[in-house]
Protein chains: 2
Amino acid sequence: MIVASNWRLSYGALERICYKHRSSWETLIPMNKISLPNNGSSLHEIVREEISRRIAAGVYKPGDAITSTAQLVAEFGVSSTTVKRALRDLRCAGLLTSMPGKGTFVKHRCRFIQELDVCMSSSLDNARWLDFQTKIELVSISRERVSNSTLSIFDPQDKVLVCIRKVIYADEVPIMYDSSFLPVNISDEIIDEFSECFIIDALRRHNVDVKDISLIIDSAPASREAQQVFQAPNGYPTLRRLYKSNNSTLSVFGVVESPFDRLACRIGFVSSQFSKIDKKK
Amino acid sequence: MIVASNWRLSYGALERICYKHRSSWETLIPMNKISLPNNGSSLHEIVREEISRRIAAGVYKPGDAITSTAQLVAEFGVSSTTVKRALRDLRCAGLLTSMPGKGTFVKHRCRFIQELDVCMSSSLDNARWLDFQTKIELVSISRERVSNSTLSIFDPQDKVLVCIRKVIYADEVPIMYDSSFLPVNISDEIIDEFSECFIIDALRRHNVDVKDISLIIDSAPASREAQQVFQAPNGYPTLRRLYKSNNSTLSVFGVVESPFDRLACRIGFVSSQFSKIDKKK
DNA sequence: GAGTGGTCTAGACCACCCT
DNA sequence: GGGTGGTCTAGACCACTCC
């Protein structure tokens with residue numbers, strides 16, 4: 001894994017925003033039908049873009065609290081509802097986090113890039129090589145039917161399976177939420193194994209060839225569990241990797257969910273990477 | 001490309017929701033401090049989940065209009081603001097679309113899966129093989145500096161480049177928004193070429209090896225342009241593919257953006273594909 | 001107790017569509 | 001003209017934090 005610091009959202013080029021105090025708007029705009037100064041944007045969009053601009057310009061710095069809602073209401077001359085709508089949208093864009101009773105803060109930007117080269121070297125061991133403090137936290141082990149309809153793409157056939165849910169941290173930041181499903185007749189040792197390490201590492205120990213793994217990458221609004229794990233608001237975009245091992249000896253499938261601003265995948269096609277890994281083994 | 005029909009959001013298992021008319025709440029709940037029937041959820045969440053449940057249950061069917069906002073207000077006994085908030089969240093979850101003056105409609109579900117095997121066979125030709133009506137629509141050709149900060153990962157060095165933007169349709173549905181950057185000294189023929197076909201197809205014609213292509217897959221809220229192209233609301237999750245050709249003869253980089261509910265990527269590691277391509281060459 | 005963010009209300013106005 | 005969704009207001013209440 002590689003860290004991409006100073007990575008920024010492509011939230012759209014920031015426009016120069018002009019805003020006026022509400023009082024002057026009320027007297028000027030609706031009466032005289034003058035062309036609106038907001039370029040067709042609504043008020044909450046103007047507020048949103050202005051705050052977004054201030055973050056980009058460094059007026060509000062990562063980790064700092066921004067101006068409080070009440071003050072923004074006074075400053076922009078709009079209602080509190082409008083300011084709160086703008087702040088909520090910026091939270092969904094990954095720019096802000098809010099803590100009731102404390103304030104609204106600019107998020108730190110730090111995204112991890114997971115290598116997905118053809119030999120699937122993206123294991124926890126890999127991350128350790130690059131000096132990341134990685135940690136795996138077991139959330140639950142349960143027996144259940146697959147209710148996540150996304151996984152129906154792997155045809156789970158409505159059987160009861162063992163489900164292992166865990167959270168993977170990098171430098172104390174939660175970056176992955178993994179739900180893996182195993183057959184119920186699996187041994188306890190294998191369950192323990194899957195609870196403690198990356199899926200890829202676990203599969204390797206059982207000599208599962210990477211070529212037997214099917215991988216689907218997609219995006220989706222954060223699931224309910226992911227919202228809790230990552231403290232993300234409803235609708236927060238996530239990057240998902242749906243995986244399935246087609247190996248006959250060990251059948252596993254599942255999904256890894258990551259906040260869009262915490263993880264990206266890189267696919268390398270460089271042939272030299274093959275030999276590098278081979279030599280180590 | 002393969003179509004995954006009947007694909008569903010993993011919006012979270014739908015809970016059984018109980019709601020009461022506002023009037024009865026006011027008299028019962030706040031006065032007697034009875035445990036709330038909403039399991040700690042707020043009103044807009046209850047409304048959201050109930051409408052979500054109805055869509056999943058087929059009460060509201062794809063393409064149909066759901067109950068109007070005014071009627072929902074009466075039915076749930078909440079304010080219009082609350083219902084509208086719930087509907088907006090469901091729009092961001094990809095379940096609904098609204099048309100002012102007409103109504104709110106349940107979206108059709110149909111997602112395309114783009115194959116990203118090691119030989120990068122995901123070209124427009126591939127799509128044609130599978131009987132999709134694919135179409136490419138040129139949006140613009142311009143000279144500009146790279147303002148999209150996501151692409152700074154490819155180190156564009158603040159030079160003026162030729163930017164070609166286009167929309168790719170499958171079965172009349174826009175599924176990709178591509179922005180590619182080429183050097184300014186490139187010939188008009190090559191610009192025309194890139195305007196008319198998939199990036200991969202264009203690169204192949206110039207004998208660019210797939211091993212020279214760097215690919216990063218991530219997720220992000222829809223850019224301003226993507227919002228327009230896909231008629232997606234602000235904050236709509238998208239799947240992005242950032243690509244760069246490292247070949248010395250033809251330097252290209254760019255980004256393809258797709259709505260999360262329209263496209264997923266599959267990575268195949270089947271070794272037979274290796275040999276197949278090798279034999280062809 | 002003052003300040004914070006989160007939720008909610010009961011209105012209002014607008015642009016739009018259909019009849 | 002009646003219905004639709006989108007935006008906005010000026011309040012209110014709550015849980016929370018910090019002093």
Side-chain angles (χ1 to χ4, degrees), chain A residues 19-23 25-26 29-31 33 35-36 38-48 51 64-74 76-92 96-106 227 231-235, chain B residues 19-23 25-26 29-31 33 36 38-48 51 64-74 76-92 96-107 227 231-235:
Chain A
Y19 56 91
K20 295 187 178 184
H21 227 263
R22 174 69 183 165
S23 54
W25 279 29
E26 279 180 326
I29 312 306
M31 307 294 278
K33 301 281 183 190
S35 66
L36 289 158
N38 55 11
N39 305 317
S41 295
S42 46
L43 283 179
H44 73 264
E45 284 175 301
I46 296 172
V47 175
R48 186 221 302 159
I51 295 169
D64 286 2
I66 70 164
T67 314
S68 78
T69 307
Q71 282 175 291
L72 288 171
V73 165
F76 286 94
V78 299
S79 76
S80 65
T81 313
T82 303
V83 169
K84 285 165 177 176
R85 160 94 194 252
L87 295 181
R88 183 154 42 85
D89 287 347
L90 289 170
R91 245 175 288 138
C92 270
L96 298 175
T97 44
S98 298
M99 285 183 266
K102 298 191 78 174
T104 302
F105 301 84
V106 180
Q227 285 177 39
Q231 294 181 303
N234 181 265
Chain B
Y19 56 91
K20 295 187 177 184
H21 226 262
R22 173 73 183 163
S23 54
W25 279 28
E26 279 180 325
I29 311 305
M31 307 293 278
K33 300 280 181 191
L36 287 158
N38 57 9
N39 305 317
S41 296
S42 48
L43 282 180
H44 72 264
E45 284 175 300
I46 297 172
V47 175
R48 187 221 302 158
I51 294 170
D64 286 2
I66 70 165
T67 314
S68 79
T69 307
Q71 283 176 291
L72 288 171
V73 165
F76 286 93
V78 299
S79 76
S80 65
T81 313
T82 304
V83 169
K84 285 166 178 176
R85 161 96 193 252
L87 294 181
R88 182 154 43 85
D89 287 347
L90 289 170
R91 244 175 288 140
C92 271
L96 298 175
T97 44
S98 298
M99 286 184 265
K102 297 192 77 174
T104 302
F105 301 84
V106 180
K107 279 180 90 171
Q227 286 176 39
Q231 293 181 304
N234 180 265

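Every chain is numbered from 1, with letters handed out A, B, ... down the list of sequences. Quick note: numbers below take in every heavy atom, side chains included, and nothing from hydrogens, waters or symmetry partners.
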Within the structure shown, what part of the strands sits under 4.0 Å from A:Ser80 by heavy-atom distance: base, sugar-phosphate, or nothing?
base
Next item on the list: Considering just the side-chain nitrogens and oxygens of B:Thr104, establish if one lies under 4.0 Å of OP1 or OP2 belonging to D:dG5.
Entry: yes
*asked:* Between A:Arg88 and C:dG6, is there a contact of a side-chain N or O with OP1 or OP2 at under 4.0 Å?
replied: no
Residues at least two apart in sequence or cross-chain that pass side-chain contact (heavy atoms from CB on, under 4.5 Å) with A:Thr81, listed by chain then number, are A:Ser79
ask   = Would B:Leu72 and B:Ile51 satisfy side chain to side chain contact (heavy atoms under 4.5 Å, CB included), going step by step from the backbone distance to the final call?
value = CA-CA 10 Å; B:Leu72 288 171; B:Ile51 294 170; 4.0 Å; yes
Trace of the side chain to side chain contact (heavy atoms under 4.5 Å, CB included) decision for A:Ile46 with A:Val78: CA-CA 11 Å; A:Ile46 296 172; A:Val78 299; over 6 Å; no
D:dT7 phosphate, OP1 or OP2, under 4.0 Å from A:Thr82 side-chain N/O: no
_Working note: B:Asn234 + A:Glu45, criterion side chain to side chain contact (heavy atoms under 4.5 Å, CB included); need CA distance, chi angles, decisive distance, verdict._
CA-CA 10 Å; B:Asn234 180 265; A:Glu45 284 175 301; over 6 Å; no
Mind checking whether A:Arg88 and A:Pro233 have side chains closer than 4.5 Å, heavy atoms only? no
When rounded to whole Å, the CG to P distance for the pair A:Leu90 and C:dG6 reads 12 Å
When rounded to whole Å, the CG to P distance for the pair B:Leu72 and D:dG6 reads 12 Å
Show each protein N/O and nucleotides 17-19 of chain C N/O combination with a separation under 3.5 Å, one pair to a line.
none

Here the distance between atom C1' of C:dT9 and atom NE2 of B:His44, to the nearest Å, is 15 Å
Task: Verdict with reasoning, B:Thr97 to B:Gln231, per side chain to side chain contact (heavy atoms under 4.5 Å, CB included) - done: CA-CA 9 Å; B:Thr97 44; B:Gln231 293 181 304; over 6 Å; no
Of the listed C:dG5, D:dC8, D:dT9, the closest approach to the A:Ser68 side chain comes from C:dG5
Rounded to whole Å, NZ of B:Lys84 lies from C1' of C:dA15 at a distance of 13 Å
When rounded to whole Å, the CG to P distance for the pair B:Leu87 and D:dG6 reads 8 Å
To the nearest angstrom, the CZ-C1' distance between A:Phe76 and D:dT9 comes to 17 Å
Can you tell me if the side-chain N/O atoms of A:Ser79 get under 4.0 Å from OP1 or OP2 in D:dA10? no
Distance check: side-chain N/O of B:Arg85 vs OP1/OP2 of C:dG6, anything under 4.0 Å?
no
Can you find a side chain N or O atom of A:Ser98 that sits less than 4.0 Å from OP1 or OP2 on C:dG5? no
Value for CZ (B:Arg85) from CZ (B:Arg48), rounded to nearest 0.5 Å, stands at 7.5 Å
Check your understanding: Does C:dT4 have OP1 or OP2 sitting under 4.0 Å from an N or O in the side chain of A:Thr69?
Key -> no
Whole-Å distance, A:Phe105 CZ to C:dG5 P, equals 9 Å
Ranking D:dC8, C:dC8, D:dG6 by distance to the side chain of A:Leu43, first place goes to D:dC8
Interatomic distance, NE2@A:His44 vs OG1@A:Thr82, rounded to 0.5 Å, equals 8.5 Å
Here the distance between atom P of D:dC16 and atom CE of A:Met99, to the nearest Å, is 15 Å
